[in-house]
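Working notes, beginning with the structure itself.
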Amino acid sequence: MNKLLDAASTAYYEGTPFMSDVEFDILAEEAGYVAVGHTGDFEIQHLFPMYSLQKVFVGEEHPPYDHTPKATVISPKLDGAAVSLGYWNGDLIIALTRGDGKRGRDITEKMRSLVPETIGRMGAVQITGEVVAPETIPNARNYASGALNLKSMDEFLNREIRFVAYDIQPSYHETWTEDLSDLASANFDTVTQSNWTGYPQDGLVFRVDNRAKYEEMGYTSHHPRGAFALKERPAGVTTQLLDVVWQVGKSGVVSPVAILDPILIGEATVSRATLHNMKYINELNLEIGCTVEVIRSGEIIPRVVRRIEGEACV
């Protein structure tokens with residue numbers, strides 16, 4: 001499992017993800033996987049570390065937060081490619097992919113076409129955000145992250161993408177929302193300006209607004225304690241059970257595998273799924289040709305979870 005997650009993590013940070021954030025999160029939770037980032041060829045250090053967010057699924061216990069009005073800000077969690085912008089005395093000097101959160105790959109020339117070249121701040125400033133594409137584009141997340149790997153600037157300039165800022169460091173105001181309001185005034189798109197309907201999202205971000213309180217809460221080695229991402233577990237996708245074959249696992253156990261009419265789950269095409277054993281098949285009352293619901297929730301391969309009643313077998 002860890003090898004799969006390492007490969008998924010590597011692909012994500014190199015801009016070529018092969019599974020969605022939701023799928024990765026569930027697999028990581030099941031395996032107790034805590035590795036963050038990818039130790040690839042990332043040569044340039046971010047001015048400030050780019051932490052990931054603690055992830056909580058709807059219905060699970062979440063970290064406590066202040067319900068006082070405006071104490072905690074809720075914003076959409078956009079699903080694209082995280083980027084940092086480095087400014088010095090107001091001028092954009094470096095733009096980096098997220099990389100391993102500490103170091104990233106230089107994408108400065110590409111980002112110059114998406115963000116302001118100058119800001120009204122002196123000294124070293126880092127602005128972080130997400131490069132996103134409209135959800136009307138198939139595999140929008142891959143489309144956006146893949147754009148950062150393009151060698152051709154002409155092709156990059158033709159991509160339908162934008163940069164949406166979600167933080168600035170160091171802070172200049174008492175609250176995070178004031179800082180983002182400043183960025184909006186400086187002609188940046190910001191995550192607090194809109195609910196960003198029409199762009200891929202994978203949850204909501206709950207964040208302490210007061211900057212001093214946020215820093216006082218501190219950080220783990222992976223994420224800040226003053227924010228978390230609330231996500232929904234993926235809904236199953238229905239398809240037809242075409243056949244059942246038997247395979248021998250590494251442990252020598254023979255188990256059934258469902259052969260499915262291919263379906264898209266997240267950004268992966270699925271045509272096979274585990275059925276565990278004959279008892280599982282009988283409990284679900286599965287028959288060749290029946291309609292089934294398939295999910296990817298903690299299994300290396302997808303899993304059939306139920307038969308859709310009322311659908312005739314063919």
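Residue numbers count from 1 along this sequence. Reckoned from all heavy atoms, side chains included, excluding hydrogens, waters and symmetry mates.
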Donor-acceptor pair, distance only, cut-off 3.5 Å: does the side chain of [X] make one with the backbone of [Y]?
X	Y	result
Glu215	Asn210	no
Arg303	Thr274	no
Gln126	Leu85	no
Thr239	Asp261	yes
Ser113	Glu109	no
Asp179	Ser171	no
Tyr87	Glu117	no
Asp209	Trp176	yes

So which atom in Glu160 and which in Tyr143 form the shortest heavy-atom distance, rounded to 0.1 Å? N-OH, 2.9 Å

Using every non-hydrogen atom in the two residues, find where Glu130 and Asp79 come nearest and quote the distance to one decimal. OE2-C, 4.2 Å

[X] and [Y]: side chain donor to acceptor below 3.5 Å:
X	Y	value
Arg105	Asn149	yes
Thr175	Glu178	yes
His223	Ser52	no
Asp154	Ser152	no

Spacing of NZ belonging to Lys231 relative to CG belonging to Leu53, to within rounding of 0.5 Å: 8.5 Å

Contacts of Asp189 meeting salt bridge (Lys or Arg N to Asp or Glu O under 4.0 Å) (sequence neighbours excluded), chain-then-number -> Arg162

Is Val73 reachable from Tyr214 through a run of I, L, V, M, F, W or Y residues, each pair having side-chain heavy atoms under 4.5 Å apart? no

Full working for side chain to side chain contact (heavy atoms under 4.5 Å, CB included) between Ile259 and Arg272: CA-CA 5 Å; Ile259 305 301; Arg272 296 165 65 91; 3.6 Å; yes

Charged N to carboxylate O under 4.0 angstrom, Asp167 versus Arg211? yes

Pairs meeting criterion ring pair (Phe, Tyr, Trp, His ring centres under 6.0 Å) with involvement of residues 182-201, two or more places apart: Trp196-Tyr199

Count the heavy atoms of every other residue, nucleotide or ligand shown that sit under 6.0 Å from CD of Glu174, and state whether that count exceeds 12. no

Would you call Thr177 and Lys70 a side-chain contact if the rule is heavy atoms closer than 4.5 Å? no

